[in-house]
Amino acid sequence: MTQKLFDEGELFEFEATVLSCEQGKKCYEVTLDRSAFFPEGGGQAGDVGTLGGVRVIDTQEKGGVVYHKTDKPLEVGAKVKGVIDRAVRLRRMQNHSGEHLIMGFIHARFGYENVGFHLGKDEVTLDLNGVISYEQLLECEQQANEAIAQDRPITISYPDDKTLSTLAYRSKLENMENVRIVTIEGVDVCACCAPHLSSTGKIGVVKVLTAESYKGGTRVHILCGLDAVAEYEKKQAIVKELQRLLSAKPEKIADSVKRLLDENGELKKKLTDIANAQADSIIASLKNDGRGSFCTFTEGLDSNALRRIANEGVKLTDGIFGVFNKTEGGYSYIIASEKVALRAKAKEINTALGGKGGGSDAMIQGSITADEQAVREYFAGL
Ligand SMILES: [Zn+2]
């Protein structure tokens, strides 16, 4: 068994002796007599850092032995210095201790348990076995941040069975041996294997980001400490950019966006009205004396207006009627017929006009690259 030194969460450097070094999968697995490297567990990833100058890329545990996965081998028996990546570990401890802190307040008020904890690279989530609103979470967040300002001690202990049987503590597992208890003075008592900060002040800040329904309970996204600050900076950059684009003060951004959306809606409605009026005048001017196939040309109309024109034009022919709307590379089209089965004819039309598209026997739509004259000649030849 490796002597574990991570009960003192802020121990980032230590000396140890190499007990073994085996070739692993794309790495070496090094064991030591003692280690402050935290092995992956309880929702938290294994520590990274250096050992005797070689890189530790992950830390795992099996049967009480800590395995340091290194990129180079180390000599058995050598005395080595272990250095934990302080920035990575600090970030994880701020989030993990912060999670215990807010959980303490949630548990005290609602009695909910954290049934799933994930401390990822970019997000921290806790899954509660009960429903809680975002507003209620913000109230617990407020309590957590007050406890941070009070800088309450966080301690690690291994109570004996007798003490443990009388102790009220949160735990995900039943009947554990050597239960390790993390206590935030006056707030929370929880069984946990991970390294923690020595006081709540070092968490810096707890921020609830979002909450959503999850498996009958609630999944809560939080960030603590330096990660919360980074998130704040990210959001501030977004606000600044919006301020610039809208020429609005931050508190007026929502109003400005709402006004833009309203204006956009009105413009869209106006465009639709114009398109409809244009379609009306085209429909009124449709003429087909011989009831043969014929076509018409438009510009700037939407598909609804084109369909309306097609529905009227088709009544004037025993052949096919096409409406062609100018686009950048040619025309978009709707072709309709009451007598000719268009699904079978679509290929011929598309081949003749350099187009693609399809639809039903009554109506096909698509686009072509042919010019107006070519289209008129094709229709005249039908
Ligand atoms: Zn924990």
Side-chain angles (χ1 to χ4, degrees), residues 4-11 36-47 59-61 64 66 84 88-108 110-121 123-130 132 137 140-141 143-145 147-148 152-159 164 167-208 214 217-228:
K4 289 160 190 161
L5 306 174
F6 51 78
D7 277 354
E8 197 192 320
E10 290 149 47
L11 179 72
F37 278 84
F38 173 67
E40 181 177 354
Q44 185 170 328
D47 274 334
T59 308
Q60 296 287 329
E61 180 177 359
V66 176
I84 288 157
V88 173
R89 165 71 93 73
L90 183 67
R91 172 191 169 266
R92 289 175 184 168
M93 288 196 295
Q94 284 185 319
N95 280 304
H96 201 140
S97 297
E99 179 262 328
H100 280 228
L101 183 62
I102 192 165
M103 244 347 274
F105 288 108
I106 293 170
H107 184 72
F110 299 94
Y112 297 157
E113 301 291 345
N114 177 358
V115 291
F117 174 58
H118 174 67
L119 205 175
K121 204 167 158 290
E123 66 166 15
V124 180
T125 58
L126 42 137
D127 298 335
L128 303 175
N129 60 350
I132 182 169
L137 283 166
C140 295
E141 174 196 290
Q143 287 179 295
N145 284 315
I148 286 173
R152 291 165 177 262
I154 303 174
T155 51
I156 307 293
S157 61
Y158 296 87
L164 210 54
L167 190 70
Y169 64 98
R170 298 190 296 113
S171 176
K172 274 186 211 143
L173 303 167
E174 297 288 329
N175 306 321
M176 279 193 300
E177 279 176 48
N178 293 324
V179 176
R180 183 177 184 266
I181 294 292
V182 178
T183 303
I184 302 177
E185 193 186 83
V187 180
D188 187 51
V189 183
C190 181
C192 176
C193 59
H196 280 267
L197 295 162
S198 59
S199 71
T200 58
K202 291 171 179 170
I203 297 167
V205 65
V206 172
K207 188 74 202 89
V208 173
Y214 184 75
T218 312
R219 172 165 284 183
V220 185
H221 296 253
I222 64 166
L223 282 177
C224 305
L226 294 170
D227 277 356

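Given the structure is predicted, the values throughout are model-derived calculations rather than measurements. Numbers here are sequence positions counted from 1. Order of appearance sets the numbers: ligands from 1, and atoms from 1 within every ligand.
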| task | Give a yes or no answer on whether the side chain of Arg89 reaches the backbone of Leu11 with a donor-acceptor pair at less than 3.5 Å. | result | no
| message | Quick one about His118 and Thr125 (side-chain donor to acceptor, distance below 3.5 Å, no hydrogens or angles considered), yes or no? | response | no
| N/O/S atom of His96 inside 2.8 Å of the Zn ion (ligand 1), strictly under | yes
| query | Sub-3.5 Å donor-acceptor pair from the side chain of Thr218 to the main-chain atoms of Gly130, do we have one? | reply | yes
| task | Check whether any N, O or S atom of His100, backbone or side chain, sits closer than 2.8 Å to the Zn ion (ligand 1). | result | yes
| Contact flag Cys192/the Zn ion (ligand 1), N/O/S atoms, threshold under 2.8 Å | yes
| request: Look only at the side chain of Gln94 and the backbone of Asp227, and say whether a donor-acceptor pair between them is shorter than 3.5 Å. | output: no
